[in-house]
Structure formats: C-alpha cells, structure tokens
Amino acid sequence: MSGLSDIDKVYQGIVDLHNAEQVVSREALAEMTGLKMSEITKFTKLLVEHGKIYRVTRGIFKPAIGFGETRPVSVSVLDSGMGVLEIGDTVLHLNPQEMRALGALMSGFGQQFASIQMGREFSVLRNYLECSAKNGRLDL
C-alpha cells in the first residue's frame with residue numbers, strides 16, 4: 001500500500017479485508033495500515049460521509065461497492081471430455097485444454113476459499129475453547 005495517501009490506505013484495507021471475507025474492524029485496519037486508531041476513526045468517518053463505505057455496526061465497515069447478485073455456477077464434464085460451464089444464463093462449451101487452463105487460472109481462488117473456511121472453523125473452535133476455559137470445564 002505504499003505510495004497511497006493515508007485515506008486511500010484505509011479504503012484499500014477495507015476493500016481487501018471485505019474481499020477476503022474478513023471482519024473489517026477499526027483494529028484490523030490499524031494493524032493493516034500501521035495508522036493510529038484516531039486516524040482510522042477520522043478516515044472511516046470521512047469515507048462514510050462520502051458514501052464510499054457503509055458502517056455495519058459500531059467500528060465495523062464494508063465497502064459501498066457491490067458486485068450485484070451472485071448467479072448460480074455449475075461445471076459439467078461430458079463423456080466426450082468437453083466441459084460445460086454455466087454462470088447464470090451464460091453457457092460456455094469448453095474443450096479439455098480450455099478446461100485445464102480454466103482450472104489452473106482458478107486454483108488460486110480455490111486456495112483462498114479453503115483458507116477463508118479454515119479461518120471460520122478455527123474461530124468457532126477458539127470461541128468454544130475460550131468459553132469452556134472461562135466456565136472451568138473443557139469437554140473435547
């Protein structure tokens with residue numbers, strides 16, 4: 001994020017955290033940008049006032065940009081080896097080489113999805129362990 005103004009760093013941090021399906025908190029932004037909490041508060045207030053971000057709840061934000069409604073996605077492999085990729089009403093018929101190329105290009109998104117899911121599951125487990133430790137019982 002070097003080369004960006006401080007307010008642009010905050011906005012980019014909000015977009016990056018949101019796209020990674022992370023909670024966009026003031027604390028996370030301060031850690032990500034290296035800015036003081038008072039600066040994060042000032043910049044998020046300005047971004048809300050200018051309609052660039054929404055305040056979900058106190059100290060939690062999301063970008064105002066949207067991608068529209070998510071369309072259904074499916075992939076089928078035919079007996080001939082051809083692939084059919086359907087995204088909403090769009091249908092692509094792909095040969096095996098195109099399917100492999102698409103798979104290679106999309107593999108990073110698959111890894112990202114797996115990481116996000118692991119983070120969610122870790123968070124649930126951590127909360128369970130913290131609650132159990134506070135109550136003095138730990139049933140595994």
Side-chain angles (χ1 to χ4, degrees):
M1 281 194 230
S2 64
L4 296 176
S5 68
D6 287 346
I7 195 167
D8 288 336
K9 287 179 185 177
V10 171
Y11 179 72
Q12 190 60 51
I14 291 168
V15 170
D16 291 347
L17 288 168
H18 179 76
N19 287 343
E21 297 190 30
Q22 301 297 310
V23 174
V24 183
S25 67
R26 291 183 325 117
E27 293 79 8
L29 290 168
E31 184 178 320
M32 180 180 235
T33 62
L35 299 172
K36 296 177 185 173
M37 289 294 283
S38 60
E39 294 173 303
I40 298 293
T41 300
K42 177 177 75 173
F43 293 136
T44 54
K45 183 177 180 184
L46 285 170
L47 289 166
V48 168
E49 288 172 0
H50 288 94
K52 301 272 281 176
I53 64 172
Y54 297 120
R55 181 176 285 112
V56 176
T57 187
R58 186 176 179 179
I60 306 296
F61 306 93
K62 73 176 196 169
I65 58 172
F67 299 109
E69 189 174 330
T70 302
R71 300 171 290 175
V73 177
S74 71
V75 176
S76 303
V77 179
L78 307 176
D79 291 338
S80 65
M82 292 289 291
V84 179
L85 172 62
E86 298 177 70
I87 303 173
D89 294 332
T90 303
V91 179
L92 296 174
H93 296 272
L94 306 170
N95 65 40
Q97 185 177 1
E98 292 168 331
M99 290 288 286
R100 285 190 296 277
L102 180 63
L105 293 168
M106 298 300 291
S107 65
F109 292 104
Q111 288 293 327
Q112 200 173 40
F113 172 79
S115 294
I116 290 168
Q117 188 61 31
M118 268 194 328
R120 287 180 177 161
E121 291 174 12
F122 175 77
S123 180
V124 169
L125 179 59
R126 185 190 68 219
N127 289 338
Y128 170 77
L129 292 173
E130 286 175 356
C131 289
S132 296
K134 285 179 185 175
N135 293 333
R137 62 176 189 22
L138 190 59
D139 300 329
L140 294 178

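What you see is a predicted model; the values in this text were computed from it and never measured.
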Sequence neighbours left out, what passes side-chain contact (heavy atoms from CB on, under 4.5 Å) with R58? Give chain and number order.
none

Only distances under 3.5 Å count here; give the side-chain donor-acceptor pairs of residues 20-31 to other protein atoms, sequence neighbours excluded, each with its distance to 0.1 Å.
residue	atom	partner	partner atom	Å
E21	OE1	R120	NH2	2.4
Q22	NE2	A20	O	3.2
S25	OG	A28	N	3.0
R26	NH1	T41	OG1	2.4

Can you sort out the partners of N127 under side-chain contact (heavy atoms from CB on, under 4.5 Å), two or more places apart, ordered by chain and number?
S123, E130

Quick one: closest heavy-atom pair of M82 and P96, and the distance?
SD-CD, 4.3 Å

Distance-only donor-acceptor pairs under 3.5 Å for side chains of residues 60-79, two or more places apart:
none

Are any of the side-chain heavy atoms of L94 and L85 separated by less than 4.5 Å?
yes

With sequence neighbours excluded, tell me which residues meet salt bridge (charged side-chain N to carboxylate O under 4.0 Å, His left out) with E86.
none

Do V10 and V48 sit in the same hydrophobic cluster, where Ile, Leu, Val, Met, Phe, Trp and Tyr count as joined when their side-chain heavy atoms come under 4.5 Å apart?
yes

Same cluster or not: I87 versus F109, using hydrophobic residues (I, L, V, M, F, W, Y) connected whenever any side-chain heavy atoms lie under 4.5 Å apart?
yes

Summary of side-chain hydrogen bond (donor to acceptor under 3.5 Å, both in side chains) pairs that have at least one residue in residues 92-117, sequence neighbours excluded
Q117-E121

Residue list, side-chain contact (heavy atoms from CB on, under 4.5 Å) with K134, at least two apart or on another chain
none

Rounding to 0.5 Å, atoms OG (S5) and CZ (F43) come to a distance of 7.5 Å

Single-linkage hydrophobic cluster L46~I14, side-chain heavy atoms < 4.5 angstrom
yes

To the nearest 0.5 angstrom, please state how far the CG atom of D6 sits from the CG atom of L35.
4.5 Å

D16 and Q12: side chain donor to acceptor below 3.5 Å:
yes

Euclidean distance, K52 NZ relative to I7 CD1, rounded to 0.5 Å
9.0 Å

Which distance, rounded to the nearest 0.5 Å, do you find between the OG1 of T44 and the CD1 of I53?
5.5 Å

CG of L47 to OH of Y54, rounded to nearest 0.5 Å, is 13.0 Å

